[in-house]
Amino acid sequence: MLKRLAALVAASAVAVTGLVLVPTSASAQTVTEASCSGDSLVQETLQAGSSWEMCWRMDTYRGLILDKVAYQPRDDESPLMVLDSIALAQLNVPYDTGVTEYNDVTTYQVGGRRAQAIEAVDCPTGEVRSAWTDAARGEIPAICIDEVDSGIAYRSNIARDALYAAQGTDLVLHMVSRIGWYEYLVEYRFHDDGEISVRLGATGDLSPNDYTDVVNQGWPLAPGQEDFAVSHYHSAFWRVDFGIDSAEEQIVEKFDTDPTGEHGTTGDTGHTAILDTQITQVATEGKTFVENREAYRVVNPDSLNADGHARSYEIIVDRDQAYNLNPETDYDIAFTTAKPDEVHASYNLIPSKANQSVTDYVADAEALADPVAWVNVGFHHINRDEDQSPMPIHWQGFTLYPRDVSAQNPIIPEGRKWVNGDMRGVPNPNIPPTTPTPTPTPTAPPTSTPTAPPTGTPTAPPTGTPSTPPATEPPAGGGAAGAVTFGASTVTPGSTQTVTAEGFEPGESVSAVMSSEPVDVGTYVADEEGNVDFQFVVPTDTAVGEHTLTLTGQTSGTVVSGTFTVAAATAGSIFGALAQTGTGANVLASTGTALLLLCAGLGLAGWYRRRGEQTVQA
């Protein structure tokens, strides 16, 4: 309960200030906390309750580097190490004319003199932290740290038992670097579900020095067919040093899915291919050229989630147009064993391995023990008119996708924690079973002749003894005392029922399910006092009898319920519902129905009158 309260307070503070940097735990020092402190330490609890922590530093050549990156799912007791470090390792920019090629990281720097001061437009709602850049400028505001909306996090309505949906947020760190005519944004996004997105954004201006008269090597940007801006590549290489659950040794596995040559006989087409996925270990260093239906992951076989499955992170390249025309850039992903002097993807600046590249690192095919992934994301920039100053930003990057890091969705709503594995036939514990009302057995009529009632004045009941009251409708409400109140104790199919309930966390979503046959009747938001007040239409096919309405708080897990009765519709209730609800078409329909019934009634009355007259005449 205290943890939920703390998460609520943190979420409220985020809503007011935009960002709250708080420790994820008051317990013993974490691996990340032991590695850095002060402004170098980032610890953030996101609105969904999950947390990230990491150390950051500004490298003269590689720019923003993150170390000891750890993730803590909302319901876990401590952070889980994910990465030892991650950084941009090279930015190769060759032009299609073959005249110009740049290696921006090692030749021009991304940090140092190229780092740009973060302005208000770069970080409108986040926190800005400073770093030393060069002797001329000293410290400048260098990185932005912010929690930003990421859109829909999940949405589900299994068997119409309740709608569960939520918006997500990301922790985002980014820096800006200006190299030549381009401005680059190096960005890391840490999602509330454990996913990590790594991106490079390019904006700024097209180089006025790189134009050509060759039609097929550029794009015309001036009026007519002249001034061809040269097309070029941006090949961004990242060095990703994994450390899942602080392991020194992990393994790399390859997913390879191939068709068997056989086809299924059902489905829409009747010839769906049958696929077979094999998982094999990548045992030695080397380059990979990712084919269709192929993927790679780094796994710690000794770190198991609550379901007993090994934790891992999968590498997914989002936009890949690899420049595979020289040995330094001809791979998609390469794997090496971590070494402190293998830092840059090409033209390495460490003296012990000066000017070496990944091609040299993998040459000895050493056994993979502590894997580093070198991820190459290429973008062939064929210029366009819209790219003229200032150029709209275009992104290239990849995703580190958690696979079995948690046994369930790490930000799972309380009402869905029962879904783990095949849930068919598993009763939903959030919907209490409804006990059917027993049908009374009719009593056989007496066979003897009934005794005539005694004559005389009936005896009045004794004074002070209450007589048995006439049968009345049951009182509205049910479930926990004072928890749910209904507008009417008895309603008819198609009518509107009003509901008031209390006891939820302020601002949380509350799902409403009517049973015995589970029917989702909506999701509502509790007010600042934890109350919900809403109306719903009783489905027209609802069976007559007692029904239970169950309300479930999706954050607190609070469950309250109440019962009401659905009675058979009468003519009066139908006319009343039609008169009070619906569109003008409904009003016309109800009027027409009333006229038809009126005509039928007049016709029946006339038939009885004529029948009576015939009887008298006879």
Side-chain angles (χ1 to χ4, degrees), residues 10 13-14 17-46 50-72 78-89 105 109-119 122-123 125-135 137-148 170-177 184-191 196-199 238-244 246 338 340 343-344 350 372 400:
V14 168
T17 65
L19 180 72
V20 176
L21 299 174
V22 297
T24 59
S25 173
S27 59
Q29 191 178 48
T30 66
V31 174
T32 307
E33 291 170 336
S35 302
C36 63
S37 61
D39 280 351
S40 296
L41 175 64
V42 174
Q43 291 177 304
E44 171 70 1
T45 298
L46 300 177
S50 51
S51 304
W52 286 95
E53 63 181 31
M54 64 204 68
C55 302
W56 73 275
R57 54 193 169 99
M58 189 66 69
D59 182 84
T60 299
Y61 285 90
R62 292 180 288 167
L64 178 60
I65 298 178
L66 303 180
D67 299 308
K68 303 302 178 186
V69 178
Y71 172 63
Q72 183 172 349
S78 59
L80 178 81
M81 278 288 299
V82 175
L83 303 175
D84 277 334
S85 69
I86 185 169
L88 186 67
V105 170
Q109 302 177 359
V110 174
R113 66 183 184 273
R114 303 293 179 180
Q116 299 296 291
I118 296 292
E119 306 288 349
D122 302 311
C123 194
T125 62
E127 177 191 0
V128 177
R129 296 193 187 180
S130 298
W132 191 90
T133 55
D134 55 13
R137 295 181 297 166
E139 279 200 0
I140 65 169
I143 69 165
C144 174
I145 307 171
D146 200 3
E147 180 178 7
V148 301
D170 297 338
L171 171 64
V172 181
L173 283 76
H174 81 262
M175 67 163 294
V176 181
S177 180
Y184 294 102
L185 272 71
V186 179
E187 179 187 273
Y188 299 94
R189 285 181 171 258
F190 300 91
H191 303 260
I196 304 172
S197 297
V198 183
R199 302 199 300 175
W238 275 271
R239 182 183 187 272
V240 187
D241 187 355
F242 289 88
I244 299 174
S246 301
V343 170
H344 303 98
I350 307 302
V372 167
L400 298 177

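From a predicted model like this one, the values you see are computed outputs, not experimental measurements.
In this structure a side-chain-to-backbone donor-acceptor pair under 3.5 Å is present from Thr32 to Lys68. Checking side-chain atoms of Ser37 against main-chain N and O of Glu33 turns up no donor-acceptor pair under 3.5 Å. Judged by distance alone, the side chain of Arg137 and the main-chain N or O of Gly112 form a donor-acceptor pair under 3.5 Å.
Arg113 meets the salt bridge (Lys or Arg N to Asp or Glu O under 4.0 Å) test with no other residue; sequence neighbours excluded. Listed by chain and number, the residues in a salt bridge (Lys or Arg N to Asp or Glu O under 4.0 Å) with Asp122 amount to none (sequence neighbours excluded). Every residue two or more places apart in sequence or in another chain that forms a side-chain contact (heavy atoms from CB on, under 4.5 Å) with Asp67 is listed here: Cys55, Arg57, Ile65, Ser85. Tyr71 pairs by the side-chain hydrogen bond (donor to acceptor under 3.5 Å, both in side chains) definition with nothing, not counting sequence neighbours. For Asp39, there are no salt bridge (Lys or Arg N to Asp or Glu O under 4.0 Å) partners, not counting sequence neighbours. Shown here are the salt bridge (Lys or Arg N to Asp or Glu O under 4.0 Å) partners of Asp241, two or more places apart in sequence or in another chain: there are none.
Here the straight-line distance linking atom CD of Gln116 with atom OG of Ser177 works out to 6.5 Å at 0.5 Å rounding. Atom CG of Asp59 sits about 9.0 Å away from atom CD of Gln109, to the nearest 0.5 Å. Expressed to the nearest 0.5 Å, how far CD of Glu53 lies from OG1 of Thr45 amounts to 9.5 Å. For the atom pair Leu80 CG and Ile244 CD1, the distance stands at 8.0 Å (nearest 0.5 Å). The CG atom of Asp170 sits 11.0 Å away from the CD atom of Glu44 when rounded to the nearest 0.5 Å.
Counting heavy atoms from C-beta on, the side chains of Leu83 and Leu66 never come closer than 4.5 Å. Side-chain atoms of Tyr188 and Met54, non-hydrogen and from C-beta on, never get closer than 4.5 Å to each other. Side chains of Trp52 and Leu173 form no contact here, defined as non-hydrogen atoms less than 4.5 Å apart. With a 4.5 Å cut-off on side-chain heavy atoms, Gln43 and Ser51 do not count as touching. Arg62 is not listed as a side-chain neighbour of Val110, based on a closest heavy-atom distance of 4.5 Å or more.
Closest approach of Cys123 to Ile145, counting heavy atoms only: SG-N, 4.4 Å. Closest approach of Ile140 and Ala115 over heavy atoms only: CD1-O, 3.8 Å. For the residue pair Tyr61 and His344, the shortest heavy atom distance occurs at CB-NE2, 4.4 Å. For the pair Ser197 and His191, the tightest heavy-atom approach, listed with the atom from each and the gap, is OG-NE2, 2.8 Å.
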**OP:** Please step through side-chain contact (heavy atoms from CB on, under 4.5 Å) for the pair Val372 and Phe242, ending with a clear verdict.
**Re:** CA-CA 6 Å; Val372 167; Phe242 289 88; over 6 Å; no

Subject >> side-chain contact (heavy atoms from CB on, under 4.5 Å) between Phe190 and Val42, worked out >> reply: CA-CA 12 Å; Phe190 300 91; Val42 174; over 6 Å; no

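Each of Ile196, Val148, Leu171 was checked for a side-chain contact (heavy atoms from CB on, under 4.5 Å) with Arg189, and the lone residue meeting it is Val148. Met58 pairs with exactly one of Met175, Glu139, Arg129 by the side-chain contact (heavy atoms from CB on, under 4.5 Å) rule, that one being Met175.
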